[in-house]
Amino acid sequence: DKLSQMLPARLLVAFSLLVLVAGDLGQIKTSTDLKFCMLYEPKFGPLTTVEATIWHFAAVEPATGCTGNTTNITNAGALHGKIAVFSRGDCTFSAKVAGAKASGAVGVIIINTVDGEMTRPIAANTSEYSAGTPLPVAMIEHDDGTTLLAQPASTLLSMVPVSAGSKLDPNIIVFFLISIGCIVCGSLWAHTRDRRMLLGTAIWLPTSGGGGGRAAPEPEAPVRLTPVAVGTFFVASSCMLLALYFLYDYLYYIVLSIFCIAASVSVHRVLDVFAALSPFHPNPHPISLPLFGVVTLWSLLLAGASILFVILWAVYRAEPSAWVAQDILGVCFLSSTIQIIRMPSLRLATILLGAFLLYDVFFVFITPLLTSSHESVMVTAATGGSSDSQPLPLVISLPRFVSPPCLSSSSLLGFGDVILPALLASFCRSFDLFRRRPGWQLFARNLYFFTFLTAYATGLMFTYIALVATSMAQPALLYLVPCTLGAVWALGWRKGDLALLVPGSFLEEERDTASVQHEPKPVEETAGAGRASNGTEDDRPLLSEEP
């Protein structure tokens, strides 16, 4: 379908890493018997400095206390010896803290702009954490801040830490299911469409009213990676990450717009496949449109529904429950990307995954040693850093099932940690189909594919263990790449298949053999079968276990 090609396939590739929310949990207690949950950054100042002390508080005027990272507090005298209450926005957190210190405040409370966004760190440069006298800096929800400011001027408050709860959370199981499910679905989808293109057959489905049938939409040609494409993607990803680090606020809506376009295409592609397999699918009604060529009325309706869904998510993406819609978009995005991009050889897969392993390690662990602020470029770009913008939606987001007692936080899995290894999974699936190893067992006939899935699950588990053990963001590819690549190389060496796997020559051999043995023939309806047949054994489903 031409609508599925309106966006270049390469736009469906994203990069990210597995991160957890930064910041410690605390509680504000007032003399009027109110309690508010808060997120605080101990690097600005530990709560123990005021834990046993009760303080007055005062609202900053103007509310944000700054303009363009320059403080413009007009009631500095009213803040002396009190906790200064700011509204979020207009400048970085460190600028607000500097203004509070200059006014003689003993602490800072920042009121969020909307509820449900207290899952990001109150970040600043390392040098700014230690500048001047340490004082506690906390963030509270918007509604809690409104209630706090409505209290009488004589109200006293204290800020105390609370337990963050267990670091282990059952949502890791859902991460396993989503990531592995996207890899499996994307890989099987990819080879179903490749088979149809290779053999010149089409899926023939009966219409709901009987008396005829229809052919499912023909797939467009996949994108086959080349060394030049891999190098270009690596350089572009590095440049984009650096640009986000330095110009996050300027690029946020550009990247968000690209994601919305890509997500609309992905959702449309997934819906089109499900609709084609549905027995209630109406007749196609082809229509010729400028730029898009011949499309069907049904596909236009699905495209409209996809665009509407993405628009609604974009408008309400700040709502606490928006993660559900974002994850639906993410699953469609991942599956669609995996099924349209092909890895031509184990050699190129090793180069690609090895390069992005170094990419992740460098931007997470090495950049803090090189930047003047000693902060990770990757983590800052992934979380939005000290920016007031929301984090980019290039992640699968899940709330913690065992939430801390005072705050509901989320765990994130980056798209790149699924897409990049999945290209190797799809390659393994191609080799299994080529080899057609004897045996009736499903594992024996999909040896390389299931070996990859097992290795990927192991690498994801190692990532989570490291995350919990270190309480800091981890580059997931550091664990996923050695597990997956190592397993495939070891299995290839053990089975004597490296001569075919490394150069990927079996793919050309498979295409040449198929083109000789299977000439494309007209689609004929097979009574009772529900799909096309050209009289060959290759009409059987892709997942068939028959030899």
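Numbers here are sequence positions counted from 1. Below, each value reflects all heavy atoms present in this structure, side chains not excepted, and no hydrogens, waters or symmetry copies.
Of the inter-residue distances, the one linking L244 atom CG with L247 atom CG reads 8.5 Å to the nearest 0.5 angstrom. Taken from CG in L433 to SG in C428, the straight-line distance is 11.5 Å, to the nearest 0.5 Å. Atom CG of N72 is separated from atom OG1 of T64 by 6.5 Å, given to the nearest 0.5 angstrom. Of the inter-residue distances, the one linking F175 atom CZ with L413 atom CG reads 5.5 Å to the nearest 0.5 angstrom. One finds the CD1 atom of I341 at 7.0 Å from the CD1 atom of I419 (value rounded to the nearest 0.5 Å). To the nearest 0.5 angstrom, I261 atom CD1 is 10.0 Å from L256 atom CG.
Residues satisfying the side-chain contact (heavy atoms from CB on, under 4.5 Å) test with L370, not counting sequence neighbours, are F362, I366. Judged as a side-chain contact (heavy atoms from CB on, under 4.5 Å), and not counting sequence neighbours, the contacts of K29 are Q27, K35, S158, V160. Qualifying ring-ring contact (aromatic ring centres under 6.0 Å, His included) partners for Y479, counting only residues two or more places apart in sequence or in other chains: none. Remark: W493 engages no residue in a side-chain hydrogen bond (donor to acceptor under 3.5 Å, both in side chains) (not counting sequence neighbours). For L308, the side-chain contact (heavy atoms from CB on, under 4.5 Å) criterion is met by L312, not counting sequence neighbours. S426 meets the side-chain hydrogen bond (donor to acceptor under 3.5 Å, both in side chains) test with H191; sequence neighbours excluded. Residues forming a side-chain hydrogen bond (donor to acceptor under 3.5 Å, both in side chains) with R317 (at least two apart in sequence, or on another chain): Y252, Q390. The side-chain hydrogen bond (donor to acceptor under 3.5 Å, both in side chains) search around T484 returns none, not counting sequence neighbours. With sequence neighbours excluded, the residues forming a ring-ring contact (aromatic ring centres under 6.0 Å, His included) with W313 are F259, listed by chain and number. Evaluation of the side-chain contact (heavy atoms from CB on, under 4.5 Å) rule for I254 yields L251, I258 as partners, not counting sequence neighbours.
Taking the six-membered ring for Trp and thresholds of 30 and 60 degrees, F431 and F434 have ring planes inclined between 30 and 60 degrees apart.
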Legend entry - Steps toward side-chain contact (heavy atoms from CB on, under 4.5 Å) verdict (Q326, V395): CA-CA 8 Å; Q326 179 175 324; V395 295; 3.5 Å; yes
Inset, instruction - Given side-chain contact (heavy atoms from CB on, under 4.5 Å), test F86 with V137 step by step and report yes or no. - result: CA-CA 11 Å; F86 292 81; V137 178; over 6 Å; no
Legend entry - Criterion side-chain contact (heavy atoms from CB on, under 4.5 Å) on M378 and T367, from CA distance to verdict: CA-CA 8 Å; M378 179 74 82; T367 52; over 6 Å; no
Inset, instruction - Could you give me the CA-CA distance, side-chain angles and deciding distance for S238 and F363, then say whether side-chain contact (heavy atoms from CB on, under 4.5 Å) is met? - result: CA-CA 9 Å; S238 302; F363 283 112; 4.2 Å; yes
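Pairing each heavy atom of C182 with each of V418, the nearest pair is CB-CG1, 4.5 Å. Nearest heavy-atom pair across N112 and M139 is ND2-SD, 3.4 Å. In terms of heavy-atom proximity, L346 sits nearest to F427 at N-CZ, 3.5 Å. Across all non-hydrogen atoms, the minimal contact from I183 to I338 is CA-CD1, 4.0 Å. Heavy-atom minimum distance, L225 versus L348: O-CD2, 3.8 Å. Nearest heavy-atom pair across K96 and C91 is CG-SG, 3.7 Å.
Using a 4.5 Å heavy-atom cutoff, the side chains of L477 and P421 are in contact. Contact check for S397 versus D327: side-chain heavy atoms found under the 4.5 Å cut-off. The side-chain heavy atoms of W189 and V270, taken from C-beta on, include a pair separated by under 4.5 Å. A heavy-atom distance below 4.5 Å is found between the side chains of I172 and F176. With contacts defined as side-chain heavy-atom distances shorter than 4.5 Å, the pair V481/F356 does not qualify. With contacts defined as side-chain heavy-atom distances shorter than 4.5 Å, the pair P475/F365 qualifies. Between L501 and W489, every side-chain heavy-atom pair lies at or beyond the 4.5 Å cut-off. Side-chain contact between F415 and I396: present, with at least one pair of heavy atoms (C-beta onward) separated by less than 4.5 Å.
Judged by distance alone, the side chain of E141 and the main-chain N or O of C37 form no donor-acceptor pair under 3.5 Å. Looking at S336, its side chain never comes within 3.5 Å of a backbone N or O of F333 through a donor-acceptor pair.
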Please tabulate, for the side chains in residues 449-458, all donor-acceptor contacts under 3.5 angstrom to protein atoms that are two or more places apart in sequence or on a different chain.
residue, atom, partner, partner atom, Å
T451, OG1, L447, O, 2.7
T454, OG1, F450, O, 2.9
Y456, OH, D417, O, 2.9
T458, OG1, T454, O, 2.9

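When each of D144, D143, V85, L148 is checked for a side chain to side chain contact (heavy atoms under 4.5 Å, CB included) with I111, only V85 meets the rule.
Among residues at least two apart or in separate chains, there is no side-chain hydrogen bond (donor to acceptor under 3.5 Å, both in side chains) pair with a member in residues 255-265.
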